[in-house]
Amino acid sequence: MAEPAELEERYPPRELPPAAEVTRFAPSPTGWLHIGGIFTASVNLDVARHSGGVYLLRVEDTDQARFEAESLSQFEMGFQYFGIQADEGGEGADATGRYGPYRQSARGDLYMAYVRDLMRRGLAYPCFETPEQAEARAARQKATGALPGYYGEWATWRDAPQDQVRTRLAAGDPYVVRFRSPGLSGHRVSFTDVIRGEITADDNRNDIVILKRSDSPLRLPTYHLAHVVDDHLMRVTLVIRGEEWVSSVPLHHQLFDALGFDRIRYAHVAPLMKQDGGSRRKLSKRKDPEASVGFYLEQGFPVEAVQYYLRGLANARLAEMPLGEALAEPLRLDEFGVAGPLLDMVKLDDISADFVASLSGEEILERVGSWADAHDAPLAAVVRAQRALALRALSVERGQGVASPRKDLRKWADFRAVYGYFFPEVFQPVTDAADPRFGGVSPDLVRALAKGFADGYLPPSPGVPWFDQVRALSASLGFAPSQKAYLRDPDAYPGSIADASGAIRVLITGTRKSPDLEAVCAALGTDEVLRRARAVG
RNA sequence: GGCCCCGUCGUCUAGUGGCCUAGGACGUCGCCCUCUCAAGGCGGUAACGCCGGUUCGAAUCCGGUCGGGGCUACCA
């Protein structure tokens, strides 16, 4: 096993420009990433990139109980989708690199080297307290109003006689290793957080566990030791992590000091929140589907939209910029809000709709296609087989010369519902004249409208007011020429032009809500229009 | 309970003692456009948690209070 001095040489300081930051994102493999994780990872990446530094990914798999095997591939899918490419440690389990390994389960020897070092120097000690005893201790502390933790009179193994320790060791009794905290009760410490400024808090005086129980298959460190050892050895310069860690900083500083490492700067970012009844709470993967990165992939939210939204939450200034500019603009840590923002899916929808509306039909089709490949294979097949039709459908009220492009797509999962009827493979012809979708127009009139429309059908052509044929047909069947006219004297008409064209719309599209009928008919082609119009019996 | 952090429209926020009658964006409501939608145009709605203090003057400073969040694990 290596000595600390050798490790210093094995992992020397990086040769980087002065202002370059080495950042990292260190998720635990417990399923899909949390969307807040994507947020934090993006911030780390952004800071490293814009400072000319290095962004690395480290997998914190020290919790055997919560480990989920598929996490690693889900991480990769998530990072790939959001374009978060790590400079080091990014290629999953086999990641190699100058400062690796990048999975904590593969770094056992490193942690052990430092635990041994601390023990030799009397800064750590074995503790034979059983889980049951720990529970009893916590209960007694609670009952007597004492602060929880392993300290003072409660720290029974802190200064246990050497021979007692040796006996237990010889007997093979399981133990954990605890850090001998130098913290004094009532002692205050302060530090500067890059986002939150100066923070003063009680010093840590708890002898926390740094090495987990000796009877587990792998001898693993707790987060605290792993963080300090890893971020030092990987020569990280700025730890950007979730706010839940702020209160551990005094402890982490003690660990850095005890190990003889330089302290690292911290930036703690506020967590994404969720409205829950009258109050708010941390967005939770367990309770909130939108907390999981898998949700965004399944729904097919455009990455740019999600990133734009998230960046706007981080730096409000960026939310006021156009999307492209905001994505290129460096994030500024000192502009971060310190209170956790509510994740507003309505706002995200709005941003997404705007973004999709800025795309060309080709671009949309490209993205819908690759989304469907993974999440809706039948749709993928249709869209690829009918590329020309799909492009015609996506050119309806979209593309150059259109003043306000359609905003009916927010995410790729919407495509089937919003554009599905263009495709004969997806569309179900409406055959029943009494179908409720005709909205109160009598079956006889529906049949008359269908027949009249089909028999006299004039395909769209430039310069011809196509809709006039619908007006004429509508009028010939007694419908009012406008909604206003109808409302003035409802008894005089079977409905208005809106009802008549609505019925035709249902025949052609299966829904009362669709874009301009002429444009839809142009995209479908005459044969298909007539087939649909004649489907009703 | 202890420690830390935070408190401006429903949401994200602008605001750093007078430019604040508190601005913007999303939402929401209304009107217009209109063959239905998605949009678009125009207009409205809505906030400084509360109580004291400092000051000629406070959203901005101070104290208290209330509310919210985080941590308090052999989870990260």
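Each chain gets a letter, A, B and so on, in the order its sequence line appears, and its residues count up from 1.
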*asked:* With a 4.0 Å limit, can you tell me whether A/Arg188 has a side-chain N or O closer than that to the phosphate oxygens OP1/OP2 of B/C4?
replied: yes
*Any side-chain N or O of A/Thr62 less than 4.0 Å from the OP1 or OP2 oxygen of B/A76?*
yes
*Does B/G40 have OP1 or OP2 sitting under 4.0 Å from an N or O in the side chain of A/Lys407?*
yes
*Which is true for A/Lys282 with a 4.0 Å heavy-atom rule: it touches a base, it touches only sugar-phosphate, or it touches nothing?*
sugar-phosphate
*Tell me whether the guanidinium CZ or amine NZ of A/Arg532 lies under 6.0 angstrom from the six-membered ring centre of A/Phe422 and within 45° of its axis.*
no
*Within 45° of the axis and under 6.0 Å from the centre of the six-membered ring of A/Tyr102, does NZ or CZ of A/Arg58 qualify?*
no
*asked:* Counting C-beta onward and ignoring hydrogens, is there a side-chain heavy-atom pair between A/Leu409 and A/Tyr419 closer than 4.5 Å?
replied: yes
*Please measure how far the C1' atom in B/G43 lies from the corresponding atom in B/C35, and state the result in whole Å.*
26 Å
*asked:* Within the 4.0 Å heavy-atom criterion, would you say A/Pro271 contacts the bases, only the backbone, or no part of the nucleic acid?
replied: nothing
*For A/Arg280 and B/C6, what is the distance between atoms CZ and P respectively, to the nearest whole Å?*
15 Å
*Near-parallel close stack of A/Tyr223 and B/C75 base (under 5.5 Å, under 30°)*: no
*For A/Phe467 and for A/Pro131, find the nucleotide of RNA chain B with the closest heavy atom, then tell me which residue's nucleotide is more 5'.*
A/Phe467
_Please tell me if A/Arg471 has a side-chain N or O lying less than 4.0 Å from either OP1 or OP2 of B/C35._
yes
*Please tell me which of the listed nucleotides, B/A25, B/A76, B/U11, lies nearest to the side chain of A/Ser28?*
B/A76
*Taking atom C1' in both B/C32 and B/U16, what distance in whole Å separates the two?*
43 Å
*Between B/G7 and B/G15, how far apart are the P atoms? Round to whole Å, please.*
13 Å
_Distance between C1' atoms of B/G40 and B/A46 (Å, rounded)_ = 24 Å
*Any donor-acceptor pair under 3.5 Å from A/Arg178 side chain to A/Arg158 backbone*: no
_Need the pair for B/G40. Rule: Watson-Crick or G-U wobble, both distances under 3.5 Å, any strand; none if unpaired._
B/C32
*Could you tell me whether A/Val246 contacts a base, only the sugar-phosphate backbone, or nothing, with contacts defined as non-hydrogen atoms closer than 4.0 Å?*
nothing
*No-H, no-angle donor-acceptor pair, A/Asp516 side chain to B/C37 base, under 3.5 Å*: no
*Side-chain N,O (A/Lys212) to OP1/OP2 (B/C75) below 4.0 Å*: yes
